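I have placed the structure first, in the form of structure tokens, so that the comments after it can refer back to it.
Since we're looking at a predicted model, the values are computed, not measured.
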Amino acid sequence: MTDLNDQWFARAKDVIPGGVNSPVRAYGSVGGTPRFVQSASGPRITDAAGREYVDLVASWGPALLGHAHPEVVGAVQSAASRGLSFGAPTGAEVELADLVAQRVQVGALKPIEKVRLVSTGTEATMTAIRLARGVTGRDLLIKFAGHYHGHSDGLLAAAGSGVATLALPGSAGVPAPIAAQTLVLPYNDLDAVREVFAVHGENIAAIIVEAASANMGVVPPLPGFNAALADIAHGHGALLIMDEVLTGFRVHPAGFWGLQASQGERYLPDILTYGKVIGGGMPLAALAGRAEVMDHLAPLGPVYQAGTLSGNPLSVAAGLATLRLATPEVYAAVDDAAGRVADALDAALTAEGVVHAVPRAGSLFGVAFLPEVPRDYATALTQQSYRYAPFFHAMLDAGVSLPPSVFEAWFLTAAHDDIALERVLEALPIAARAAAEALDPTLLAQ
């Protein structure tokens, strides 16, 4: 007998490609039927069949305060009562831009003077790259294998055959000449970065990097890596674009850059991109940086960018409310909850003898079925990923919703109280046992 999730998925596949509007939601790597969420509150979601789960996806990050926070919902409702969209400036846009600039500073370090609001993280990173090219007059871009910066053509490039070769298309529909403008390097490898600059330095506009990797699982930067990227780029007249779409305002009031700066790793990116938390669950993103760079954007400069829904008043209201409520106490609560779950995950898998690591970057963490934390994408791909599907479904059966891929981060919120966390902690030993009992499909095929 099928439940309502099965029914919705069957219907969705008739009218939506793959039945979903973003690929990972299809449960492709874990199997089974996606849960169609009908409501969410605090640390929990409820699916179409009425089943409740403790949620460790948190809308892939935006729900820092928990789902449907009353003050955030109230701010959106108030904004909606005044109109849904104007296609004109609003005072709230100015307040949000000012708040972002104020938050992203540590001591005398202040990388942001101006902010441009857009609607999606893809739009933010795409515009940041165009801006870097406009500022430098150069075409080439460096990105790192395993890093995701949205789905614009130049960022869906796959690595070439050698460190200093240009990339090939990583997706159907991406023209080879566009992919060839991107150099894809192994993450955490400064020698590779230096080698590419030695060959192509005069033509490289920028390096784009996730502040801390969270799209090949959580893979933190090695100590000094981000700062060294800034030094190398600036030494060759290129810019550093720090992608904080996922980490921005989640792991620290000033994002992962702020977390590093507060711990003594001092450097200045030229452009930062934000999404997720900045919109409080509504579609909103931004790029930001110092005035001499940002003022190259139209209408002041020659780099064009526009959007009918940029600075949408509902999204801005949600973002303002979320950032104003994101106090030091909120970050302490998220850090504590994340630490408890990460430690329990480690203990449960250790007890079952499962080879694993629990990589962390601030409050972000995940699981890698490897003997140690991976440092790059090639290593992350060698893990025993077949263990994740049974682990995932055991957690789901126990009422805990995890990201449906081993290559995603887990997200806690300030709303994960002791009751919610206890359900997670009780489920982990059962799931760890399922992971331990998983069979390697390559051995079964022999």
Using ring centroids (six-membered ring only for Trp), state whether F225 and F144 fall under 6.0 Å.
yes
Do H67 and D55 have a side chain donor and acceptor closer than 3.5 Å?
yes
So, for E408 and P403, which heavy atoms are closest and what is the spacing to 0.1 Å?
CB-CB, 3.7 Å
Main-chain N/O of L345 paired with H356 side-chain donor or acceptor, under 3.5 Å:
no
Would you find more than 12 non-hydrogen atoms of other residues, nucleotides or ligands less than 6.0 Å from E113 atom CD?
yes
Within this structure, what is the CG-CG distance for the pair L272 and L287, rounded to the nearest 0.5 Å?
9.5 Å
Check this for me: Q38, atom CD, are more than 12 non-hydrogen atoms of other residues, nucleotides or ligands nearer than 6.0 Å?
yes
Contact summary for L412 and R250, nearest pair of heavy atoms:
O-NH1, 2.8 Å
So do the side chains of H252 and Q263 get within less than 4.5 Å of each other, counting heavy atoms only?
no
Should we say atom CD of E95 is surrounded by more than 12 heavy atoms from elsewhere, each under 6.0 Å from it?
yes
For the residue pair F392 and Y27, is the inter-centroid distance of their aromatic rings smaller than 6.0 Å?
yes
Please examine the side chains of D139 and N203, heavy atoms only from C-beta on, and report whether any two atoms are closer than 4.5 Å.
no
With a 4.5 Å cut-off on side-chain heavy atoms, are L96 and V115 touching?
no
Would you find a donor on one side and an acceptor on the other, under 3.5 Å apart, between the side chain of N188 and the backbone of R375?
yes
For atom NE2 of H151, decide whether the heavy atoms of other residues, nucleotides or ligands shown that lie under 6.0 angstrom number more than 12.
no
Spacing of L240 atom CG and I207 atom CD1 [to the nearest 0.5 Å]:
6.0 Å
Parallel, tilted or perpendicular: rings of Y267 and W257 (30°, 60°)
perpendicular
Quick one: CE on M126 to CG on L131, what's the gap to the nearest 0.5 Å?
12.0 Å
Is it the case that over 12 heavy atoms from other parts of the model lie below 6.0 angstrom from the CZ atom of F86?
yes
Closest contact, heavy atoms only, S213 versus Y187
OG-CE2, 3.1 Å
Check whether H416 reaches the backbone of T413 with its side chain - one donor and one acceptor, N or O, closer than 3.5 Å.
yes
Taking side chain as C-beta onward, heavy atoms only, is D270 less than 4.5 Å from V135?
no
Minimal non-hydrogen separation, L421 against R340, with atom names
CD1-NH1, 3.5 Å
For G279, does its backbone N or O pair with a side-chain atom of S315 as donor and acceptor, under 3.5 Å?
no
Report yes or no: does D153 contribute a side-chain atom to a donor-acceptor pair with the main-chain N or O of A179 at less than 3.5 Å?
no
Can you check whether F411 reaches L246 side chain to side chain, under 4.5 Å on heavy atoms?
yes
Does a donor on one side chain and an acceptor on the other come within less than 3.5 Å for E210 and N215?
yes
Tell me yes or no: between the side chains of R130 and Q305, is some donor less than 3.5 Å from an acceptor?
no
Distance col, row Y274:OH vs T247:OG1, nearest 0.5 angstrom, shows 8.0 Å
S119 side chain to P283 main-chain N or O, any donor-acceptor pair under 3.5 Å?
no
CA sep, side-chain torsions, deciding dist, call: S310, E123, side-chain contact (heavy atoms from CB on, under 4.5 Å)
CA-CA 10 Å; S310 294; E123 191 179 357; 4.2 Å; yes
Student check: side-chain heavy atoms of P359 and V219 closer than 4.5 Å:
no
For P374 against A368, the heavy-atom pair lying closest together
CD-CB, 4.1 Å
Does A254 offer a backbone N or O that forms a donor-acceptor pair with the side chain of R103 under 3.5 Å?
no
Spacing of CG belonging to D189 relative to CZ belonging to R194, to within rounding of 0.5 Å:
9.5 Å
From L141 atom CG to L239 atom CG, the distance as rounded to the nearest 0.5 Å
10.5 Å
Quick one: do F391 and L428 satisfy side-chain contact (heavy atoms from CB on, under 4.5 Å)? Show the steps, please.
CA-CA 9 Å; F391 180 91; L428 283 170; 3.9 Å; yes
Does the distance from a Lys or Arg side-chain N to an Asp or Glu carboxylate O, for D335 and R360, drop under 4.0 Å?
no
L64 versus Y331: any side-chain heavy-atom pair under 4.5 Å?
yes
Quick one, V424 and M395 - any side-chain contact, counting heavy atoms below 4.5 Å?
yes
Walk me through whether V30 and L396 qualify under side-chain contact (heavy atoms from CB on, under 4.5 Å).
CA-CA 11 Å; V30 294; L396 199 64; over 6 Å; no
Over 12 non-hydrogen atoms of neighbours within 6.0 angstrom of OH in Y377
no
Flag, side chain of E93 to backbone of V316, donor-acceptor distance under 3.5 Å:
no
Which pair of non-hydrogen atoms, one from A415 and one from P43, has the smallest distance, and what is that distance?
O-CG, 3.4 Å
The test is side-chain contact (heavy atoms from CB on, under 4.5 Å); show your working for T379 and E372 and say whether it passes.
CA-CA 10 Å; T379 305; E372 58 185 21; over 6 Å; no
Report yes or no: does N312 contribute a side-chain atom to a donor-acceptor pair with the main-chain N or O of S85 at less than 3.5 Å?
no
With no hydrogens and no angle check, is any side-chain donor or acceptor of R138 less than 3.5 Å from a backbone partner on A205?
no
